[in-house]
Protein chains: 2
Amino acid sequence: MKVSLLEGSRWQTCADCAVRGFAVCAALDKTELWELASLSRHIQHEQGATVFAQATVATSFFSVLEGVLRLYKLLPDGRRQIIGFALPGDFLGLAGSPQYEFSADAIGAVTLCQFSRAGLARFGEDRPRFLRRINELAGRELTRANEHMVLLGRRSAEEKVASFLIGWRDRLAGIGHVGEVLPLPMGRLDIADYLGLTIETVSRTFTKLERDGVIRILTGGISLLDTARAEALSAA
Amino acid sequence: MKVSLLEGSRWQTCADCAVRGFAVCAALDKTELWELASLSRHIQHEQGATVFAQATVATSFFSVLEGVLRLYKLLPDGRRQIIGFALPGDFLGLAGSPQYEFSADAIGAVTLCQFSRAGLARFGEDRPRFLRRINELAGRELTRANEHMVLLGRRSAEEKVASFLIGWRDRLAGIGHVGEVLPLPMGRLDIADYLGLTIETVSRTFTKLERDGVIRILTGGISLLDTARAEALSAA
DNA sequence: CCGGAGCGTTGATGCAGATCAATCGCCACG
DNA sequence: CGTGGCGATTGATCTGCATCAACGCTCCGG
């Protein structure tokens, strides 16, 4: 059973952008939106493409329109930690440092709204509403990061996987996803590197959750059979 | 050998506040500083006191003047993850959610600058410079969080301890600390909960680093003997 | 000067998850 | 309709860190 994720929405103008309600621009009025649109460029990347790489000069900010990205940091010896997945509406570049803090690549095809760093900085300079919006997004990101630290430092493999599934479900719900099936566009290796585990442990844990009747494993996703049990594991 | 940390500085007015250069208020001019001062209250907490607790209503923001705090999240069963240590100049409340996202307690005595949430929000509402300052601090925090995730998810015990020591040294240096000796006001348990380890593993790792000639263990701190080796472990 | 509480260290043992090694299943392609 | 490749699963074994258990040091109060 194949599962698709947020395909088919097409962008026309900022005003009827698919992510208008979620993205940075949610705080702007019509005039501002026009001005912002003039600063933005609309780009696409195919499956697996790297949008930007850790430690290269950060020339752009991005807002995700369609698709999913993995955001990750690499250690010199190749160990990888995925620090998050970016979904439609997410803004990339909050750290605001002159170099990118992490790398981002496309999981499946993605469409992005690209802004020049300087341009957006100038645009925001004297727009408190916009700055407050950025703040709000940064705060949310920080909250997610804090929770992720607890997960990485203090949870068992089973709790990690359950938390991931519940968190992913909630994020998809937040951008309007509905349905029995929870699509997982990222591979097992991505999940492992997100949870600080190995691919084998992730696979075994999925299997265990299925054996215990908590989930059902499908190609490209899962279905949550025992939500209560999963949520308990995720909170515990 | 006992080590003291940032004792003795006394606050008089905002203009000659000990953390004037580092804190939120660094972005403000004299007039604004006066207005901000009228919103702030100056509070102290003794050793071990809890300044605010996770999941209680967030009525205040804080800026640290003196001392060190541990910021942590607890799981229902008591497992603890320390998400960071707050030093003079650090601002608490960036997440901006209506409840505190984590708890904070004093390690040793602390002095804080307290602001009412509503008051500070109103103050900032239409001051882009201030908002940009908040953004800058949030970005820095986010960067720290991302690095901490890599540490928690992908580093060995020895690398964790070395990274912690190097990071701590750099943070203290950033607020003007100098000297051979690196004070560690937090106990082994705090370090363990910061690094996602147990107290025993932390203790053993300290001992190993001392045996290997990388550090010397003192009461209340350490001395870095082989900086290069420690930095290598920390980066690797 | 003595006693004990609290933190830190050290030792012995256990186990969750890593590592090493096939095998499987699903497509894409010839 | 075979075949090769890649991701996922499963199995066997190993190991880094956790856990369980003393013991030591240091400082403080009597």
Side-chain angles (χ1 to χ4, degrees), chain A residues 1-3 47-48 70 75 77-82 107-108 151-165 183-212 215-222 233 236, chain B residues 1-4 47-48 70 75 77-81 107-108 151-165 183-212 215-222 233 236:
Chain A
M1 204 185 302
K2 178 81 182 172
V3 174
Q47 157 99 249
R70 61 177 157 255
L75 291 177
D77 64 0
R79 281 175 286 178
R80 184 177 73 155
Q81 176 66 47
I82 291 185
I107 297 179
L151 178 144
L152 290 169
R154 287 299 181 223
R155 299 178 106 104
S156 70
E158 195 177 16
E159 291 167 350
K160 283 177 175 183
V161 171
S163 299
F164 163 67
L165 292 175
L184 296 175
M186 71 292 286
R188 295 289 187 268
L189 184 57
D190 287 338
I191 299 177
D193 284 346
Y194 180 68
L195 298 176
L197 297 171
T198 59
I199 187 175
E200 293 95 330
T201 299
V202 169
S203 182
R204 279 187 243 274
T205 307
F206 268 82
T207 306
K208 178 177 191 305
L209 289 174
E210 181 166 54
R211 253 202 329 270
D212 296 353
I215 63 171
R216 199 153 102 69
I217 301 173
L218 314 167
T219 32
I222 61 132
L233 276 169
Chain B
M1 202 185 303
K2 178 78 181 170
V3 174
S4 79
Q47 156 101 246
R70 60 175 157 255
L75 292 178
D77 64 0
R79 279 174 288 177
R80 184 177 73 155
Q81 177 67 47
I107 297 179
L151 178 144
L152 289 169
R154 287 297 180 224
R155 298 176 106 101
S156 71
E158 195 177 16
E159 291 167 349
K160 283 177 175 182
V161 170
S163 300
F164 163 67
L165 293 174
L184 297 175
M186 70 293 284
R188 294 289 187 269
L189 184 56
D190 287 338
I191 299 176
D193 284 346
Y194 180 68
L195 299 177
L197 297 171
T198 59
I199 186 174
E200 293 95 330
T201 299
V202 170
S203 183
R204 279 186 245 273
T205 307
F206 268 82
T207 306
K208 177 174 190 309
L209 288 174
E210 182 166 52
R211 251 201 331 269
D212 295 352
I215 64 171
R216 199 155 100 70
I217 301 173
L218 313 168
T219 32
I222 61 130
L233 277 170

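Since this is a predicted model, take the numbers as computed values, not measurements. Chain letters run A, B, ... following the sequence lines, proteins first, then strands; residues in each count from 1.
- Distance check: B:Leu165 CG to B:Leu209 CG gives 7.0 Å after rounding to the nearest 0.5 Å.
- At the phosphate of D:dC17, neither OP1 nor OP2 sits under 4.0 Å from any side-chain N or O atom of B:Thr198.
- Heavy atoms only, all atoms of each residue included: B:Lys160 and B:Leu151 are closest at CE-O, 3.3 Å.
- With the nearest nucleotide of DNA chain C identified for both B:Arg204 and B:Leu189, B:Leu189 has the one nearer the 5' end.
- When the P atom of C:dA16 is taken as reference, atom CZ of A:Arg155 falls 18 Å away, rounded to whole Å.
- Scored by the salt bridge (Lys or Arg N to Asp or Glu O under 4.0 Å) test, A:Arg204 finds no partners at all (sequence neighbours excluded).
- With D:dT9, D:dC17, C:dT9 as the candidates, the nucleotide lying closest to the side chain of B:Arg188 is C:dT9.
- Closest to the side chain of A:Ala157, from the set C:dG17, C:dG11, D:dA18, is C:dG17.
- D:dC25 atom C1' lies 15 Å from atom CG of B:Leu218, rounded to whole Å.
- Among the heavy atoms of the strands lying under 4.0 Å from B:Thr207 are primed sugar atoms or P, OP1, OP2 only; no base atom is included.
- The CD atom of A:Glu200 sits 14 Å away from the P atom of C:dA22 (whole-angstrom rounding).
- In this structure, B:Lys160 places its NZ atom 7 Å from P of D:dA18, rounding to the nearest Å.
- The interatomic distance linking B:Met186 (CE) with C:dC7 (P) rounds to 15 Å, in whole Å.
- The CG-C1' distance, from A:Leu195 to C:dA18, rounds to 15 Å in whole Å.
- Comparing B:Ser203 and B:Arg154 along DNA chain C, the residue whose closest nucleotide (by nearest heavy atom) sits nearer the 5' end is B:Ser203.
- Expressed to the nearest 0.5 Å, how far CD1 of B:Ile217 lies from OG1 of B:Thr207 amounts to 5.0 Å.
- The CD1-P distance, from A:Ile199 to D:dG7, rounds to 8 Å in whole Å.
- Put simply, CZ on B:Phe206 is 23 Å from P on D:dG24, counting in whole angstrom units.
- Among the nucleotides C:dG17, C:dT19, D:dA18, the one closest to the side chain of B:Thr201 is D:dA18.
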